[in-house]
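See structure below.
We number each residue from 1, following the sequence as shown.
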Amino acid sequence: MDGKTVRGARRSDGTQVHLLAAMTATGLVTAQREVEGKTNEITVFRPMLAGFDLTDTVVTFDALHSQTAHACFLVEDKNAHYIAVIKANQPLLHQRLKRLPWRDVPLLGKTALPRTAGMRSAGSRPPP
(Lines give C-alpha, C1' and ligand atoms only; values in the text may rest on other atoms or scores of the structure.)
Protein backbone atom coordinates (compact mmCIF):
# COMPACT_ATOMS: atom_id res chain seq x y z
CA MET A 1 0.00 0.00 0.00
CA ASP A 2 1.33 3.39 -0.90
CA GLY A 3 -0.07 6.83 -1.50
CA LYS A 4 1.16 9.46 -3.90
CA THR A 5 0.17 12.94 -4.94
CA VAL A 6 -0.17 13.06 -8.73
CA ARG A 7 2.18 15.72 -10.05
CA GLY A 8 0.40 18.35 -12.11
CA ALA A 9 -3.09 16.93 -11.51
CA ARG A 10 -5.54 19.34 -9.88
CA ARG A 11 -9.20 19.20 -9.03
CA SER A 12 -11.56 21.96 -10.15
CA ASP A 13 -11.12 23.61 -6.72
CA GLY A 14 -7.34 23.75 -7.22
CA THR A 15 -6.41 21.00 -4.72
CA GLN A 16 -3.95 18.32 -5.79
CA VAL A 17 -5.08 14.79 -6.63
CA HIS A 18 -3.82 12.17 -4.17
CA LEU A 19 -4.15 8.40 -4.77
CA LEU A 20 -3.74 5.34 -2.57
CA ALA A 21 -2.73 2.18 -4.40
CA ALA A 22 -2.41 -1.50 -3.57
CA MET A 23 0.32 -3.27 -5.52
CA THR A 24 1.64 -6.79 -5.86
CA ALA A 25 5.27 -7.60 -5.11
CA THR A 26 5.97 -7.23 -8.84
CA GLY A 27 4.52 -3.70 -8.94
CA LEU A 28 1.16 -4.53 -10.54
CA VAL A 29 -1.49 -2.11 -9.23
CA THR A 30 -4.46 -4.20 -8.11
CA ALA A 31 -6.54 -1.39 -6.60
CA GLN A 32 -6.39 2.36 -6.50
CA ARG A 33 -8.61 5.01 -4.96
CA GLU A 34 -8.57 8.75 -4.89
CA VAL A 35 -8.16 10.28 -1.45
CA GLU A 36 -10.67 13.07 -1.11
CA GLY A 37 -9.26 16.53 -0.44
CA LYS A 38 -10.80 16.83 3.05
CA THR A 39 -9.52 13.48 4.37
CA ASN A 40 -6.35 11.38 4.26
CA GLU A 41 -5.14 7.91 3.19
CA ILE A 42 -6.14 6.34 6.51
CA THR A 43 -9.84 6.57 5.66
CA VAL A 44 -9.33 4.88 2.27
CA PHE A 45 -7.22 1.90 3.46
CA ARG A 46 -9.99 -0.39 4.71
CA PRO A 47 -12.62 0.28 2.02
CA MET A 48 -10.06 -0.28 -0.73
CA LEU A 49 -9.05 -3.71 0.62
CA ALA A 50 -12.51 -4.84 1.76
CA GLY A 51 -13.39 -6.71 -1.43
CA PHE A 52 -10.15 -8.69 -1.67
CA ASP A 53 -9.46 -12.18 -0.36
CA LEU A 54 -6.25 -11.51 1.55
CA THR A 55 -6.01 -14.85 3.36
CA ASP A 56 -2.32 -15.58 4.03
CA THR A 57 -1.28 -12.48 2.07
CA VAL A 58 1.39 -10.20 3.50
CA VAL A 59 0.39 -6.54 3.29
CA THR A 60 3.08 -3.91 3.70
CA PHE A 61 2.50 -0.23 4.38
CA ASP A 62 4.31 2.86 5.54
CA ALA A 63 4.26 4.54 8.95
CA LEU A 64 1.08 6.49 8.21
CA HIS A 65 -0.91 3.24 8.06
CA SER A 66 0.67 1.72 11.17
CA GLN A 67 -2.64 1.98 12.97
CA THR A 68 -4.19 -0.53 15.39
CA ALA A 69 -7.42 -0.49 13.39
CA HIS A 70 -5.57 -1.40 10.19
CA ALA A 71 -3.70 -4.25 11.87
CA CYS A 72 -6.88 -5.65 13.42
CA PHE A 73 -8.74 -5.39 10.11
CA LEU A 74 -6.01 -7.30 8.27
CA VAL A 75 -5.51 -10.02 10.86
CA GLU A 76 -9.03 -10.52 12.22
CA ASP A 77 -11.24 -9.69 9.23
CA LYS A 78 -9.03 -10.56 6.26
CA ASN A 79 -6.87 -13.39 7.76
CA ALA A 80 -3.82 -11.59 6.39
CA HIS A 81 -0.38 -10.77 7.72
CA TYR A 82 1.33 -7.39 7.68
CA ILE A 83 4.67 -5.67 7.84
CA ALA A 84 4.37 -2.22 9.37
CA VAL A 85 6.90 0.57 9.38
CA ILE A 86 7.08 2.14 12.83
CA LYS A 87 8.53 5.60 13.19
CA ALA A 88 8.46 8.34 15.79
CA ASN A 89 4.84 9.20 14.88
CA GLN A 90 4.00 6.24 17.17
CA PRO A 91 6.28 7.26 20.08
CA LEU A 92 5.36 4.62 22.66
CA LEU A 93 5.46 1.72 20.20
CA HIS A 94 8.64 3.10 18.65
CA GLN A 95 10.36 3.22 22.06
CA ARG A 96 9.22 -0.31 22.94
CA LEU A 97 10.48 -1.70 19.65
CA LYS A 98 13.84 0.05 20.00
CA ARG A 99 14.33 -1.64 23.40
CA LEU A 100 13.86 -5.18 22.04
CA PRO A 101 17.00 -7.35 21.76
CA TRP A 102 17.22 -7.14 17.96
CA ARG A 103 20.86 -8.16 17.94
CA ASP A 104 19.86 -11.56 19.35
CA VAL A 105 17.45 -12.37 16.51
CA PRO A 106 18.87 -15.14 14.31
CA LEU A 107 19.42 -14.17 10.68
CA LEU A 108 19.17 -17.25 8.45
CA GLY A 109 20.75 -19.33 11.18
CA LYS A 110 23.38 -16.71 12.01
CA THR A 111 23.44 -13.86 14.46
CA ALA A 112 24.44 -10.30 13.66
CA LEU A 113 28.08 -9.39 14.02
CA PRO A 114 28.99 -7.34 17.08
CA ARG A 115 29.03 -3.61 16.46
CA THR A 116 32.27 -1.74 16.66
CA ALA A 117 32.74 1.80 17.90
CA GLY A 118 33.04 3.09 14.31
CA MET A 119 29.76 1.58 13.12
CA ARG A 120 26.42 3.34 13.25
CA SER A 121 22.93 2.32 12.26
CA ALA A 122 21.31 3.53 9.04
CA GLY A 123 19.70 6.89 9.50
CA SER A 124 21.58 7.77 12.65
CA ARG A 125 23.47 11.02 12.79
CA PRO A 126 27.23 11.08 13.10
CA PRO A 127 28.57 12.22 16.45
CA PRO A 128 29.09 15.99 16.80
Side-chain angles (χ1 to χ4, degrees):
M1 302 286 298
D2 196 21
K4 295 291 179 206
T5 299
V6 182
R7 185 183 302 185
R10 300 243 178 223
R11 295 183 188 90
S12 59
D13 66 359
T15 59
Q16 291 184 292
V17 175
H18 190 80
L19 303 173
L20 180 64
M23 298 160 274
T24 66
T26 61
L28 176 68
V29 175
T30 57
Q32 181 171 273
R33 289 206 178 181
E34 184 175 348
V35 178
E36 294 298 324
K38 295 182 180 180
T39 185
N40 62 38
E41 292 178 25
I42 294 170
T43 61
V44 178
F45 184 94
R46 185 177 178 142
M48 189 168 73
L49 295 178
F52 288 94
D53 177 7
L54 297 177
T55 302
D56 292 328
T57 300
V58 177
V59 179
T60 63
F61 43 85
D62 60 21
L64 176 68
H65 294 288
S66 296
Q67 307 284 327
T68 303
H70 290 350
C72 290
F73 167 70
L74 291 170
V75 172
E76 296 169 3
D77 296 353
K78 303 306 281 181
N79 299 310
H81 309 278
Y82 64 88
I83 297 174
V85 174
I86 306 300
K87 292 186 176 179
N89 65 329
Q90 298 280 348
L92 182 59
L93 180 57
H94 188 254
Q95 287 174 356
R96 288 180 178 173
L97 289 173
K98 282 184 79 164
R99 285 191 293 239
L100 290 174
W102 293 108
R103 302 197 44 72
D104 298 334
V105 175
L107 305 171
L108 298 174
K110 301 175 184 177
T111 57
L113 296 173
R115 299 185 98 205
T116 63
M119 295 174 68
R120 61 186 175 96
S121 63
S124 65
R125 293 191 172 123

Can you see which heavy atom on [X] is nearest to which on [Y], and at what distance?
X: Glu41; Y: Gly3; answer: OE2-CA, 3.3 Å
X: His65; Y: Ile42; answer: CE1-N, 3.9 Å
X: Ile86; Y: Gln90; answer: CG2-CB, 4.3 Å
X: Leu49; Y: Ala22; answer: CD2-CB, 4.3 Å
X: Gln67; Y: Leu64; answer: NE2-O, 3.0 Å
X: Met48; Y: Ala21; answer: CE-C, 3.8 Å

Applying a strict under-4.5 Å side-chain criterion to I, L, V, M, F, W and Y, I'd like to know whether [X] and [Y] cluster together.
X: Val75; Y: Ile83; answer: no
X: Leu97; Y: Val105; answer: yes
X: Tyr82; Y: Phe52; answer: yes
X: Val58; Y: Leu74; answer: no
X: Val6; Y: Val35; answer: no

Between [atom1] of [X] and [atom2] of [Y], what distance do you get to the nearest 0.5 Å?
X: Arg46; Y: Lys78; atom1: CZ; atom2: NZ; value: 9.0 Å
X: Gln32; Y: Leu20; atom1: CD; atom2: CG; value: 8.5 Å
X: Lys4; Y: His18; atom1: NZ; atom2: NE2; value: 8.5 Å
X: Met23; Y: Thr30; atom1: CE; atom2: OG1; value: 8.5 Å

Legend entry - For Lys87, all residues meeting salt bridge (charged side-chain N to carboxylate O under 4.0 Å, His left out), sequence neighbours excluded: none
Inset, instruction - State which residues pass salt bridge (charged side-chain N to carboxylate O under 4.0 Å, His left out) with Glu34; sequence neighbours excluded, sorted by chain then number. - result: Arg11
Inset, instruction - Fit a plane to each ring of Phe61 and Phe45, take the angle between them on a 0 to 90° scale, and name the class: parallel (under 30°), tilted (30 to 60°) or perpendicular (over 60°). - result: perpendicular
Legend entry - Main-chain N/O of Ala80 paired with Thr57 side-chain donor or acceptor, under 3.5 Å: no
Legend entry - All side-chain contact (heavy atoms from CB on, under 4.5 Å) counterparts of Asp53, not counting sequence neighbours: Thr55
Inset, instruction - Give a yes or no on whether Arg7 atom CZ has more than 12 heavy-atom contacts from other residues, nucleotides or ligands under 6.0 Å away. - result: no
